[in-house]
Amino acid sequence: MATPIWRSFPCKIAELRLDRTLACGQSFRWKEHSPGIWTGVIGCAVWQFKQTDSHLWYRVHKDVGHSKITNIKMEADSNGVIENKTPVKSVKRKSGKRHGGTQNVETVKIKEELTCGIKEEVTSDIKTTNDRLDSVKDKFSNSSNDDERVLIDYFQLHVQLEDLYKEWAKVDKHFETISKDFSGIRMLRQNPVECLFSFICSSNNHISRISSMVEKLALHFGDQINLPYCVEGREFYTFPKVSALAADGVEEKLRDLGFGYRAKYIQKSACYIVDNGDENWLFKLKDMEYIEAKTHLMKLCGVGAKVADCVLLMCLDQPGSIPVDTHVWQIAARDYIPKLNHAKSLTDKLYNEIGDYFRELWGPYAGWAHSVLFTADLRQFRNNELSNDKKGAKRKKYNSEESDVKVKVKAKKKKSL
DNA sequence: TACACACCTTG
DNA sequence: AAGGTGTGT
């Protein structure tokens with residue numbers, strides 16, 4: 001069977017920068033194996049992306065089914081809504097059909113609170129997108145049309161990123177400065193299962209180790225994606241179902257795999273989810289208000305405020321959610337809220353204050369704006385900034401401006417050790 | 001409420 | 001150290 005052809009979708013590079021969006025630590029399974037070509041797994045297929053100034057190019061490598069029964073099941077689960085309508089257990093599957101795709105495109109939800117003009121823009125843009133989809137419907141087969149829907153959904157291309165950048169720049173001079181060199185950073189709409197367990201792994205970790213842990217989860221508990229040809233000279237696996245992570249002995253196996261204390265978090269959380277409606281428990285959080293969904297998430301072992309906010313922002317349709325990690329705390333203290341420099345630690349109260357401050361400043365999509373500044377501060381993207389002379393000077397300035405108080409606190413910490 | 005500290009590994 | 005969380009004071 002031949003490799004699928006590349007297809008294009010109109011998308012300005014200012015609306016999406018693959019390199020930044022796929023490597024900024026919101027999703028951990030994308031790799032630039034070949035220069036400019038990003039490869040990863042969405043649902044139970046391998047996807048590849050590349051781009052020009054005006055278009056996003058993509059091709060999809062789909063799992064080859066083994067029987068009609070498997071194919072029917074795949075269809076039933078294709079939008080990620082987990083409902084066991086088919087007697088799955090009776091059929092031993094070789095590859096992961098039940099994991100499902102990403103999210104439900106048909107029900108792109110516009111929350112009432114997303115006003116301030118943004119709601120209108122988003123709504124009208126969705127209409128445009130749908131029109132565009134309708135117009136190409138006849139040209140392509142159904143499957144390529146479905147692929148396009150997955151693509152739009154995954155990258156949330158119905159959201160006009162450039163317009164948001166303009167809004168944020170208008171109300172925030174610091175954002176205006178930084179964002180000039182960091183365009184095209186947008187939130188993905190990830191699968192909640194993968195997103196949740198990835199961020200349970202994230203505590204006290206670097207992106208590189210998180211990535212290797214997530215890959216291990218897929219390798220050991222997911223299903224191999226069967227392709228009739230080789231892609232990038234490697235194998236690909238679906239992200240595991242929650243039930244696979246709740247099975248007996250998972251914690252021990254994860255410890256052997258080097259997950260450390262997170263091994264327990266993963267199995268305990270998986271068990272909780274399985275006992276409370278399985279993956280549907282997770283999907284239902286999308287229909288809740290921010291606070292309610294967050295409260296539910298934080299019942300999970302290993303999920304505190306920060307991980308909960310990551311999950312809410314990156315897969316549960318809460319664009320105003322602001323995950324405050326140590327890094328964001330420092331950005332806030334350095335560039336926005338000087339009084340934070342007097343704080344000893346990030347208490348619950350301060351955590352909420354920081355989130356509220358940014359929501360007040362940036363509006364309903366504050367979480368998206370936060371990720372632009374977060375990415376700009378990542379070590380791997382610093383070169384990006386240093387390549388611009390003016391910005392190189394700026395960076396130095398910020399570093400030297402780290403407050404005396406904070407330095408003292410750090411020194412104190414060292415002493416006490 | 002606000003800290004302090006342990007927790008597992010590895011890039 | 002590294003993009004935290006759970007527990008105890």
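Protein chains get the first letters and strands the later ones, always in sequence-line order, with residue 1 at the start of each.
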Closest approach to the side chain of [X], judged atom by atom: which nucleotide of [options] is it?
X	options	result
Lys349(A)	dA2(C), dA2(B), dG3(C)	dA2(B)
Lys344(A)	dG4(C), dG3(C), dA4(B)	dA4(B)
Met314(A)	dT5(C), dG11(B), dG3(C)	dG3(C)
Asn204(A)	dC8(B), dT5(C), dG3(C)	dC8(B)
Tyr261(A)	dC3(B), dG3(C), dC7(B)	dC7(B)

Please find out if less than 6.0 Å separates the ring center of [X] from that of [Y].
X	Y	result
Trp168(A)	Tyr365(A)	no
His327(A)	Phe374(A)	yes
Tyr351(A)	Trp329(A)	no
Phe199(A)	Phe28(A)	yes
Tyr237(A)	Phe221(A)	no

Using a 4.0 Å heavy-atom cut-off across all strands, classify [X] as base, sugar-phosphate, or nothing.
X	value
His327(A)	nothing
Gly302(A)	sugar-phosphate
Cys201(A)	nothing
Cys301(A)	sugar-phosphate
Ile207(A)	base
Leu346(A)	nothing
Val328(A)	nothing

C1'-based separation of dT5(C) from dG11(B) [nearest Å]: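 Rounded to whole Å, the distance is 22 Å.
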Same-atom distance (P) from dC8(B) to dG8(C), integer angstrom: 15 Å
From CG (Leu373(A)) to OG (Ser179(A)), nearest 0.5 Å: 8.0 Å
Phosphate-side-chain proximity, Thr347(A) and dC3(B), N/O vs OP1/OP2 below 4.0 Å: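 Answer no for this pair, as no side-chain N or O of Thr347(A) is under 4.0 Å from OP1 or OP2.
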base_contact_polar (dC8(B) base, Arg262(A) side chain, donor-acceptor, <3.5 Å): yes
Arg209(A) (side chain) and dT9(B) (base): donor-acceptor pair under 3.5 Å: yes
Result of checking Trp6(A), Tyr229(A), Trp47(A) against His61(A) for ring-ring contact (aromatic ring centres under 6.0 Å, His included): Tyr229(A)
Bracket notation of DNA chain C in which parentheses pair within the strand, [ ] cross earlier pairs, and | pairs with another strand (Watson-Crick or G-U, under 3.5 Å): ||.||||||
